[in-house]
Amino acid sequence: MTNEQIAAVFDQIAELLALEDENVFRIRSYQRAAEVIRGLGRELAEIRAAGELEQLPGVGEAIAAKVEELLDTGDLQYLRKLQSRYPEGFLELLQVPGVGPKHAKLFLRELGVRNVADLRAAAEAGRIRQLPGMGARSEAKLLEALQNWNESQTRALLAEMLPLAEQMVQLLRGLPEVERADYAGSIRRGRETIGDLDLLATSQHPERVTTAFARSGALERVELAGDTKVSGLLPGGRQADLRVVEPDSYGAALVYFTGSQQHSIRLRERGQDLGLKVNEYGVFAEQDGVEGPRLAGATEEEVYAALGLPWIPPELREDRGELQAAEAGRLPQLITLHDIRCDLHLHSSYTDGADSIAALAEAARQRGYTHIGIADHSASLTVAGGIGEEQIAAQRAEVDRLNAQLRARNQRMRVLLGTEAEIRADGTVDLTPRIFELVDFVVGAVHQGFSADPDRMTARIIAALRTGMVDILAHPTGRLLLQRPAYAVHAAELVAAAVELGVALEINSSPDRLDLSDVNARLAVEQGALLTINSDAHNAANMDLIRLGVLTARRGWVEAPSVINTWPLRKLTAWLQARRQKKAKS
DNA sequence: GCCGTTTTCGGCCCGACTGTTTTCAGTCG
């Protein structure tokens, strides 16, 4: 079983235990274990083989035993037992906004509601309002939630939500009484998919802002509106939450609403140890349960400082060791968009790209880059109009002409020519070494035969790397977010091979790829792999997508020096030269 | 269920909002 599958089992156990009205801390243990497992770079099977399961944070004797059972049998008796107490599909009820374990069980017990369809029928028949603790209002809210449920239940891609978030922040900043406004939540942390949009504003009069926002029409439907909080649905059905606090609390609120929840919990626990209370309004001295004066709150830096920590970049706030690193003064110097000097995976109009090489070079120059790499599809990817040696030779001539022109105009921009080769099912590459008479570098990629099992896929890619023909491995795990699962290969083995062979692993910035993932990027960093962050743009405008790749890299604790896109052109070409010489010798 | 250079037992983050059971439980993040 994959880490993701095992994490999903623990999430399910947590939901079932909540139905059982179990101790909340026991429930939280399973949730925490699930999150820790999702954040692992290594596969659980490997960690188990090394006898290190119980060394994972949040994994003790009981959970370790369950991991082992899942790895050995692909099944878990404990889960089966819990599941057997509820109808199939019952847990889906908990996905309906406003329905928690208590109500779900009430519906089952009193009305025989077994799934979402039953619930809808009961609500439409007016039977919910007859239940103890429920009324006509509860029933109406439930019906409304059910109506919007389908459209809002899937997560959205980061790229889809970022513009929406920026738009909302602009709107908020334009409201009277608003002093500051920002987006927070998982979008500020740069997560690859986003569940809902968290917005934060400051004002001396929070209630005026929440009222104005609720009336602004920004939300298609307002679900909840209080003095400091508004929730509702954006056009398109995405959930949005606005919180408004006073300026003195801005930093504390930003920390809190940026999360992650686990990061917030760790901060509050740390506060407790120091005799401090941490909430979204600030850090307060606390004695015998009595809240003392506010020690921090206006800025994030101040809040972290009150807890004896340096400011932690939002992308790291996942409870994946960032507090320990901060305490030890070992936070990474995260790569920034500003560090990027080039984009090495661009498609031109020679194949399925929209723009000429010259247009791409100019777009890159405008972005402050000093060089780019064209990597059009090679001949065997016919669906993308892949090109053979003859056309690559024509590209070479054009690139040489263009570089001469750029030099003549004293423009600090150079074009490297690459090609995106196919890694075939047998682990060979659809090119011969002669290609290096024409191109400066080769990007290797798998575009077909994805259904192969992970063992075979891993062997296939590593074999391709061993040919020495591949300088950059594009979108290494082949996932497609919200479409195709993340584990097409054994990432850890792939990283090890890339390190051994000096191949750069790509963080592909396509919105539905972001591959390597944050977790795998971190694994690569820890193993000392070279990385490359590329847009994979098929037109000049999409070169801006590299921002997503940089966010993903930051989530993976990536620092600039290990990313070849941050290197000066001279260093990059020297690296490629050295690889060619090594290949020639072998 | 996990965790611990003050603990191997007794803790475990904190607050907003809603609807309804007039004092709070349920849900959410």
Side-chain angles (χ1 to χ4, degrees), chain A residues 10 13-15 17-36 53-67 78 93-107 128-129 131-142 144-145 184-186 189 195-200 206-207 210 214 222-232 239-245 249 252-253 255-274 276-284 286 289 291 307 319:
Chain A
F10 290 139
I13 290 174
E15 291 188 325
L17 290 176
L19 287 170
E20 300 288 303
D21 204 15
E22 251 292 354
N23 179 319
V24 289
F25 301 107
R26 193 160 169 234
I27 295 169
R28 227 175 71 190
S29 296
Y30 281 103
Q31 288 167 337
R32 168 115 206 274
E35 282 183 39
V36 166
L53 280 179
E54 288 193 44
Q55 288 169 32
L56 296 173
V59 176
E61 205 180 325
I63 289 182
K66 291 182 174 71
V67 169
Y78 182 62
L93 287 180
L94 301 177
Q95 305 306 315
V96 179
V99 178
K102 296 286 190 296
H103 288 156
K105 256 182 106 169
L106 179 72
F107 300 152
I128 299 295
R129 69 179 77 182
L131 295 171
M134 308 295 289
R137 300 279 313 253
S138 320
E139 188 176 271
K141 281 195 79 141
L142 183 58
E144 199 174 306
S186 53
R189 302 200 310 278
D196 56 14
L197 180 55
D198 289 305
L199 299 164
L200 179 67
E207 72 286 354
T210 53
V222 176
E223 291 175 337
L224 161 171
D227 285 348
T228 67
K229 183 173 172 176
V230 179
S231 287
Q239 178 87 27
D241 298 307
L242 168 69
R243 281 291 297 265
V244 188
V245 297
S249 296
V255 168
Y256 180 55
F257 294 114
T258 297
S260 66
Q261 196 169 10
Q262 281 302 326
H263 179 85
S264 291
I265 289 173
R266 296 282 158 235
L267 286 179
R268 288 176 176 192
E269 285 173 353
R270 187 179 171 86
Q272 277 192 326
D273 291 345
L274 299 169
L276 304 170
K277 184 161 89 170
V278 183
N279 59 26
E280 57 261 57
Y281 301 109
V283 180
F284 300 86
E286 194 177 39
E291 189 172 298
L307 296 169
D319 189 26

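Chain naming here is simple, since letters A, B, ... match the order of the sequence lines and numbering starts at 1 in each.
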(message) Between A:R266 and A:E269 (salt bridge meaning N to carboxylate O under 4.0 Å), is one present in this structure?
(response) yes
(request) Using only side-chain N and O atoms of A:R137, determine if any of them is under 4.0 Å from OP1 or OP2 of B:dG19. (result) yes
(message) Check the phosphate of B:dC12 against A:R32, side-chain N and O only, distance under 4.0 Å to OP1 or OP2. Yes or no?
(response) no
(message) Tell me if the CD atom of A:E61 is crowded by more than 12 foreign heavy atoms within 6.0 Å.
(response) no
(message) Counting only side-chain nitrogens and oxygens, does A:Y281 get under 4.0 Å of the OP1 or OP2 atom of B:dA16?
(response) yes
(message) Is there a side-chain contact between A:S138 and the phosphate of B:dT18, meaning an N or O under 4.0 Å from OP1 or OP2?
(response) no
(request) Report the C-alpha separation of A:D241 and A:Q239 in whole Å, then their side-chain angles, then the decisive distance to 0.1 Å, and conclude whether the side-chain contact (heavy atoms from CB on, under 4.5 Å) test is met. (result) CA-CA 7 Å; A:D241 298 307; A:Q239 178 87 27; 3.6 Å; yes
(request) Counting Watson-Crick and G-U wobble pairs only, both distances under 3.5 Å, name the nucleotide matched with B:dG4, or none. (result) B:dC9
(request) Respond yes when some side-chain nitrogen or oxygen of A:K229 is under 4.0 Å from OP1 or OP2 of B:dC28, and no when none is. (result) no
(message) Please tell me if A:Q31 has a side-chain N or O lying less than 4.0 Å from either OP1 or OP2 of B:dG1.
(response) no
(request) Report yes if at least one side-chain N or O of A:R26 is closer than 4.0 Å to OP1 or OP2 of B:dG1; otherwise report no. (result) yes
(request) Quick one: sort the A:Y78 and A:Y30 rings into parallel, tilted or perpendicular, breaks at 30° and 60°. (result) parallel
(request) Would you indicate, yes or no, if B:dC14 has its OP1 or OP2 atom less than 4.0 angstrom from a side-chain nitrogen or oxygen of A:S264? (result) no
